[in-house]
Amino acid sequence: MRNSVKNTIKDAIKKSLDKTIENNNISIDIIEINICKDKKFGDFSSNIAMKLASKFNYKPKEFAKEIIKNIEKNESILKIEIAGPGFINFFTSDISKYSVIENIFKEKESFGKNNVGKDLKILVEFVSANPTGPLHVGHGRGAAFGDCISNLLIENGYEVSREYYVNDAGKQIDILTISVLQRYHELINDSDKFSYDDLYKGEYIWDIAAEVHRNFKTKFQIKDLKDKKNDSIDEYISYAKNILTISKFEEIKKIAVDFILNDIKKTLNLAGIAYNSWFLESSLLKNNSLKEIIENLEKKNLTYTKDNAMWFKSSSFGDEKDRVLLKENKDHTYLSTDIAYHRDKIKRGFHKVINIWGADHHGYVSRINSAFNIFAKGKSELVILLVQFANLYRGNEKVSMSTRSGEFVTLEQLIKEVGSDATRFFYLTRKSDQHMDFDIELAKSNNSNNPVYYVQYAHARICSIFRQLKEKKMNYEYEKEILHLLDKEEELKIIKKLSIYPEIIINSSKKYDPHLLTNYMVELAQEIHSYYNKFQILVDDKNLRNARLSLIKSAKYIFNNSSKIIGIEMPEKM
RNA sequence: GCGCCUAUAGCUCAAUAGGAUAGAGCGUCAGCCUCCGGAGCUGAAGAUAUAGGUUCAACUCCUAUUAGGCGCUCCA
């Protein structure tokens, strides 16, 4: 179905190789067919002769000659040449080139889809920011990336589930709770002693405290506060729990987490991201998953006790040192619930588990990998993708971000300022493991600096032409018999671009590189603008007009299909 | 100090899983509106951090050097 000409060539080469060399054991998969950048090298080329020449005691060029000699005649292959060090170049017939337009009109919204991932279940976990504050711009890139990767995998036929892991059980959440208590006591004028330097101080803490105060008045007030400012944070937390009672502490904790999670969901919704599931860390404690996992590791003899803490022998699996599972005070570490969480992912039967993390977590990769493989036993594969930070700029001025100070730019602010489309597209134009600068002014600008406007404009232009068509009382119908009228260099270039779209979908998903797709969209837009500028589309000649309209309509299908994967709108008017 | 990642045009980024002459945009310079949307188009100048190595072929792989980011908690 996809790229039939390419597969024809591939098969032809395979047959030829079998004829040239007996019992060769050559797999068809190592035959690469590339689309030529320069048309003087033909339409497709293969490097197979150079790749295999030495293996079969040939010189590349002679080997190429032999291969060509044994290729069977085929109506879509016009000419075969040897060039350079041993490339085999194929010149294909025009008719085969136009078949991509036929395919697009046949498949429409499904053009580009494939079933590479048929019957395979994938879990994509992304963002998973701690519910200790609103999402900030640093989370934006991971959000756009994770959502797009999910869409790409779906386009490739995988069954995808999006998940957000909520760390609602650790020490940071206790600190959040105390932060709320602090502001709460300030609201009821009883603030002096209930304070600690390392607490969350963002505006939203006031909002939560105000909500608690509004709904519960002085229910959580602690009388006779002692000055504990010089205690450690752990001592401070247990002091607060004791004096307030654990049940009341948990009550406030839940209010705070729910409040923040709501805010996070609201922001993700603005970004057009919907999760299939929200996995609570606390559930691993409630249903004994954590206990089970630790017993299981003990049974496997992968733990030991040192300094009253329980350690995991992660260094036996490539980690640089062993890690603590249970602290001296018997609290669990982030790692231990994370292991339990990943075991749960495996239990749910996913063939592949993708984690999208901020690049600052790279030190964590090997220990979670080792734990994962202990339980997956080869039945499930873990892929950890690291997303580099984006520096935020406003023109030439760098926007500083600091979570604790509360001065960070939230993702919500960013989306409200530049729009969801520009935010997503911008984040996805760069390779994810590459540092990037995100210029707010650039993302807001309405000109070709801004790739998303450039692409949307190309689409709007196509729509505009069809509106014009109606105004001029002209008709359009798709006829495949007249596509050969598209013989201008620019037209053939666009057709070539259209024909590689299915491969872009495969590659960007395989390599987890959505930027291949955004770049493709920009390139296609560029060719459309250029073509539009040079040629009149609504010409008097009915056949030529229909052929040209079919060409740009094909491009419109691709803009629509790709924009859905990126998660942006394709407006008909701008 | 140890580890991971990165280094491409003046700036921001590409380069189809090692392929042919390293591509875009911004900026600079020179052009294009009796014409389907000038929110656009055409052209020029300009680059693989350094030194070795592997290969028919290296921006891509390996080694060293230099420069930057991140991580080296019984933190999450």
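So you know, we letter chains A, B, ... as the sequences are listed, proteins then strands, and number each from 1. Bear in mind that the values here come from a model prediction, so they are computed numbers and not experimental data.
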A/Y501 and A/N561: side chain donor to acceptor below 3.5 Å: no

Got a donor-acceptor pair under 3.5 Å from the side chain of A/N34 to the base of B/A20? no

Donor-acceptor pair, distance only, cut-off 3.5 Å: does the side chain of A/H529 make one with the backbone of A/Y454? yes

A/H342 and A/F372 aromatic ring geometry - parallel, tilted or perpendicular at 30°/60° bounds: perpendicular

To the nearest 0.5 Å, tell me how far A/L52 CG sits from A/N47 CG. 9.0 Å

Span that lies between the P atom of B/G23 and that of B/U66, in whole angstrom: 33 Å

Heavy atom of residues 49-64 of chain A under 4.0 Å from RNA chain B: which residues? A/M50

Verify whether one side chain among A/S45 and A/N34 offers a donor that lies under 3.5 Å from an acceptor in the other. no

What's A/E471 touching, base or sugar-phosphate or nothing? Going by heavy atoms closer than 4.0 Å. nothing

Rounded distance in Å between the C1' positions of B/U28 and B/G71: 41 Å

N/O-N/O pairs, protein side and nucleotides 42-44 of chain B side, under 3.5 Å:
unit_1, atom_1, unit_2, atom_2, d
B/U42, OP1, A/S530, OG, 2.8

Is there a donor-acceptor contact under 3.5 Å linking the side chains of A/Q456 and A/D421? yes

Base, sugar-phosphate alone, or nothing: which one does A/K330 contact when heavy atoms must sit under 4.0 Å apart? nothing

Respond yes when some side-chain nitrogen or oxygen of A/Q434 is under 4.0 Å from OP1 or OP2 of B/A14, and no when none is. yes

When the P atoms of B/C75 and B/U16 are compared, how many Å lie between them, rounded to an integer? 44 Å

I'd like to check, for A/Y457, whether its ring lies over the base of B/G37 with centroids under 5.5 Å apart and a plane angle smaller than 30°. no

Any residue of residues 360-367 of chain A with a heavy atom less than 4.0 Å from an atom of RNA chain B: A/D360, A/H361, A/H362, A/G363, A/Y364

For B/C74, does either OP1 or OP2 sit under 4.0 Å from a side-chain N or O belonging to A/N329? no

Can you find a side-chain donor-acceptor pair between A/S289 and A/Y341 that sits under 3.5 Å? no

Intra- and inter-strand pairing of RNA chain B, written as dot-bracket with Watson-Crick and G-U pairs under 3.5 Å and | for the latter, reads (((((((..((((.....[...)))).(((((.......)))))....(((((..]....))))))))))))....

A/R323 side-chain N/O to B/C72 phosphate OP1/OP2 under 4.0 Å: no

Establish, with yes or no, whether the OP1 or OP2 oxygen of B/A15 is under 4.0 angstrom from a side-chain nitrogen or oxygen of A/K511. no

For A/F90 and A/V5, run side-chain contact (heavy atoms from CB on, under 4.5 Å): C-alpha distance rounded to whole Å, both residues' side-chain angles, the deciding distance at 0.1 Å, then the answer. CA-CA 10 Å; A/F90 295 84; A/V5 187; over 6 Å; no

Among side-chain atoms of A/N156 and A/S509, is any donor-acceptor pair under 3.5 angstrom? yes

Whether A/E503 and A/K6 form a salt bridge (side-chain N of Lys/Arg under 4.0 Å from carboxylate O of Asp/Glu) is what I want to check. yes

Where at least one partner belongs to residues 538-547 of chain A, residue pairs that pass side-chain hydrogen bond (donor to acceptor under 3.5 Å, both in side chains), sequence neighbours excluded: A/E479-A/N546

So what does A/E523 hit on the nucleic acid, given a heavy-atom distance under 4.0 Å: a base, only sugar-phosphate, or nothing? nothing

If the P atom of B/U21 is compared with that of B/A57, how far apart are they to the nearest Å? 13 Å

Assess whether one donor atom and one acceptor atom, taken from the side chain of A/T333 and the base of B/A76, lie less than 3.5 Å apart. no

Take atom C1' in B/U60 and the same atom in B/U55, then report the distance between them in whole Å. 13 Å

Rounded to whole angstrom, note down the P distance from B/C4 over to B/G40. 45 Å

Residues two or more places apart in sequence or in another chain: which of them pass ring-ring contact (aromatic ring centres under 6.0 Å, His included) with A/F91? none

Would you say whether A/F87 stacks on B/A20? The test is a distance between ring centres of less than 5.5 Å and an angle between planes of less than 30°. yes

Between A/N167 and A/E281, is any side-chain donor less than 3.5 angstrom from a side-chain acceptor? yes

Taking any heavy-atom pair under 4.0 Å as a contact, classify A/M574: base, sugar-phosphate, or nothing. base

Hey, does the side chain of A/K321 come within less than 4.0 Å of B/G3's phosphate (OP1/OP2), counting only N and O? no

Does A/Y532 have a side-chain nitrogen or oxygen under 4.0 Å from the phosphate oxygens OP1 or OP2 of B/G37? yes

Between the side chains of A/D174 and A/K241, is the shortest nitrogen-to-carboxylate-oxygen separation below 4.0 Å, so that they form an ion pair? yes

For A/N519, which contact category applies under a 4.0 Å heavy-atom criterion: base, sugar-phosphate, or nothing? sugar-phosphate

Whole-Å C1' distance, B/A24 and B/C5: 25 Å

